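One structure is given here, and the rest of the page talks about it.
In what follows, every heavy atom counts, from backbone to side chain, and hydrogens, waters and symmetry copies are set aside. These numbers come from a predicted model, not from an experiment.
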Amino acid sequence: MEAVPTKLCVVLPCYNEAATLEYSIKALCATIDGLVGERLVDCRYSIVCVDDGSADGTWSMICDLSKRVGGHVAGLKLSRNVGHQNAIIAGLEYVAGRCDAVITMDADLQDDVESVREMALKYREGCDIVLGVRRDRKSDSWLKRHTARLFYGLMKNTHTPVVPDHAEFRLMSSRVVDCFLQYGERNVFLRGIIPSMGFKTAIIYYDRVARKFGKSKYPMAQMLNFAVEGITSFSIRPIRSIFLVGVIALFLTVSVGIYVLVAILLGRTYPGWASLILSVWFLGSLILVALGIIGEYVGKIYLEVKHRPRYFVEATTDNLKPQMQQ
C-alpha cells in the first residue's frame, strides 16, 4: 500500500527580512513542489512567515507573497519584537492541528533547503524529530567558532541535552508539537527542550551556506545573552557551583592564615597592605559573582510567576481573528 503524502508546514521566523524573503519563499516552494511530485509531501503544504516586529517592509512582502505564491504562504504579524524563540512558538501554535509535520528554519535560508527532502524521508521512516546539524563551522569567523565551542562545552558540563551545531532547523511531528505546546515556561530554550522530549529522533548533516541578502540578526551581545538563557533555563549547576567556589575560597583563606601565622612565629613579616587589599578584592569579586548568578535565577522566577503572554498577534494574512496567544 502506497504511503500517504505528508501534510507539511514550514515555519519561518522573520525579522527585517524584506531583502531575502522572496528569494527564500521561491526556493522553498521549488524544493517542496519537487517533493509533492515524489508523493513525499501533500500538495496542500503551507509556509507560515512570522513577522517578529520587523521595522522594514517584511510584513508587506509577506502579504504580497501570500497572494502570489499559489496559496501556500500565510503570515502572522506580531505586535512587537518578542525574540526568535517566541516567534517560532507563535508559528507552532498557529499550525498545530493543521498538518502532519512542521519544519522550522530561519528565513535567510542559510539552512540547506535541499535537506528538507531528507527530513521528509526520516519522518516517513517513523522519526518524530529530525534535527539538522551543521557538518562544520568553516563559514564562521574564528571568534564565532570558538565561542560556539565554549558554549556547547558549557552546556555539556551542565548536562543540558543539546546537540552541538544544531540551531533551529528541525522537523517535528504533529504529536511532538502538541506535546511541546504543553510547556508553559516563558524562558524557552528550544534547542534544549526538543531533544529532551524523548521521541524517536534522527540527525541529518548539512552544509550551511552564506546569506544571499542582508546581514545576520545575531550580533555577539545577543549570542552571549542567548547562551546565558540556554544555560540557566536548563540547569541549576551554576548556582550549585557557588558552594564549591566558597569551599575553595575558604581553603585558600585557611592556607594563607597558616602561612601568616608561621611567618609571624619565624619573624618574617613585612609591613604593607598589598596582601590585605588583594584578599578583600578577591573575596568581594566572589561575592559579586555569586550574587549575579543567584540574581539570574531569581529574575527568571520573577518572569515566570507573572505569567504574561509571550506575544500578541496583530494581523494575519488569511483573515483569522487576531488572538492573544499564551
Side-chain angles (χ1 to χ4, degrees), residues 8-33 45-95 98 102-116 132 134 139-141 144 167-170 188 190 206-223 225-226 310-323 325:
L8 180 69
C9 287
V10 180
V11 172
L12 300 180
C14 306
Y15 179 66
N16 293 341
E17 297 288 358
T20 189
L21 197 55
E22 182 165 6
Y23 165 82
S24 299
I25 293 297
K26 288 182 177 179
L28 263 174
C29 286
T31 298
I32 299 175
D33 285 340
Y45 69 86
S46 60
I47 301 171
V48 178
C49 303
V50 183
D51 181 8
D52 185 21
S54 298
D56 62 356
T58 297
W59 180 244
S60 297
M61 178 63 70
I62 292 172
C63 292
D64 182 54
L65 289 168
S66 70
K67 297 173 183 176
R68 289 195 287 120
V69 188
H72 292 302
V73 177
L76 281 78
K77 178 178 174 57
L78 304 185
S79 62
R80 65 180 181 88
N81 179 256
V82 294
H84 190 255
Q85 304 284 281
N86 285 323
I88 291 176
I89 293 172
L92 293 178
E93 290 187 334
Y94 180 79
V95 303
R98 303 184 183 204
V102 182
I103 290 177
T104 62
M105 60 193 306
D106 291 340
D108 57 21
L109 234 59
Q110 285 188 272
D111 301 319
D112 183 17
V113 68
E114 299 300 326
S115 297
V116 170
R134 295 174 63 174
S139 59
D140 290 343
S141 65
K144 194 168 183 179
E168 306 304 339
F169 185 30
R170 66 177 70 87
V188 181
L190 293 173
Y206 69 97
D207 295 314
R208 191 168 174 83
V209 299
R211 289 178 64 96
K212 296 291 184 182
F213 309 97
K215 60 182 181 179
S216 173
K217 308 303 188 299
Y218 259 85
M220 184 57 65
Q222 192 165 346
M223 286 191 290
N225 181 65
F226 182 73
R310 291 193 181 104
Y311 62 87
F312 293 99
V313 174
E314 181 179 324
T316 65
T317 55
D318 55 359
N319 299 321
L320 286 180
K321 182 180 179 181
Q323 300 178 36
Q325 301 291 336

Exercise for review: For residues H84 and P13, report the shortest heavy-atom separation together with the two atoms involved.
Suggested key: NE2-CG, 3.6 Å

Review point. What's the spacing between L21 CG and S60 OG if we round to 0.5 Å?
Key: 11.5 Å

Practice item. Report yes if some heavy atom in the side chain of C49 is under 4.5 Å from a heavy atom in the side chain of I25; otherwise report no. Key: yes

Exercise for review: Check whether any side-chain heavy atom of R310 lies under 4.5 Å from a side-chain heavy atom of V82, and answer yes or no.
Suggested key: no

Check your understanding: Closest approach of C14 and T58, non-hydrogen atoms and distance?
Key -> CB-CG2, 3.9 Å

**Study point:** side-chain contact (heavy atoms from CB on, under 4.5 Å) assessment of F169 paired with R208
**Key:** CA-CA 11 Å; F169 185 30; R208 191 168 174 83; over 6 Å; no

Practice item. Please tell me if the side chains of I89 and N86 come closer than 4.5 Å, counting only heavy atoms from C-beta onward. Key: yes

Check your understanding: Where do T104 and I88 come nearest, in terms of heavy atoms and distance?
Key -> CG2-CG2, 3.9 Å

Exercise for review: Please list, chain by chain and in numerical order, all residues satisfying side-chain contact (heavy atoms from CB on, under 4.5 Å) with S79, sequence neighbours excluded.
Suggested key: F312, E314

Exercise for review: Please examine the side chains of T317 and V73, heavy atoms only from C-beta on, and report whether any two atoms are closer than 4.5 Å.
Suggested key: no

Review point. Do D106 and D111 have side-chain heavy atoms sitting under 4.5 Å apart?
Key: yes

**Study point:** Closest heavy-atom pair and its distance - V113, A27
**Key:** CG2-O, 4.2 Å

Practice item. Check whether any side-chain heavy atom of L12 lies under 4.5 Å from a side-chain heavy atom of I47, and answer yes or no. Key: yes

Practice item. For the residue pair N81 and Y15, establish whether any side-chain heavy-atom pair is separated by less than 4.5 Å. Key: yes

Study note, to complete from the structure: Distance col, row L28:CG vs I103:CD1, nearest 0.5 angstrom, shows 8.5 Å

**Study point:** Nearest atoms (heavy-atom pairs only) where S115 meets Y206
**Key:** OG-CB, 3.4 Å

Point to revise | Inter- and intrachain pairs under salt bridge (charged side-chain N to carboxylate O under 4.0 Å, His left out), touching residues 50-66, at least two apart | key: D51-K77, D64-R68

Review point. Which word best sums up how the rings of Y45 and H72 line up, parallel for under 30°, tilted for 30 to 60°, or perpendicular for over 60°?
Key: parallel

Study note, to complete from the structure: The salt bridge (charged side-chain N to carboxylate O under 4.0 Å, His left out) partners of D207 (sequence neighbours excluded) come to R135

Exercise for review: Would you give the length of the straight line joining atom CG of L109 to atom NZ of K26, rounded to the nearest 0.5 angstrom?
Suggested key: 13.5 Å

Study note, to complete from the structure: In short, A107 meets T20 closest at the heavy-atom pair O-CG2, 4.1 Å

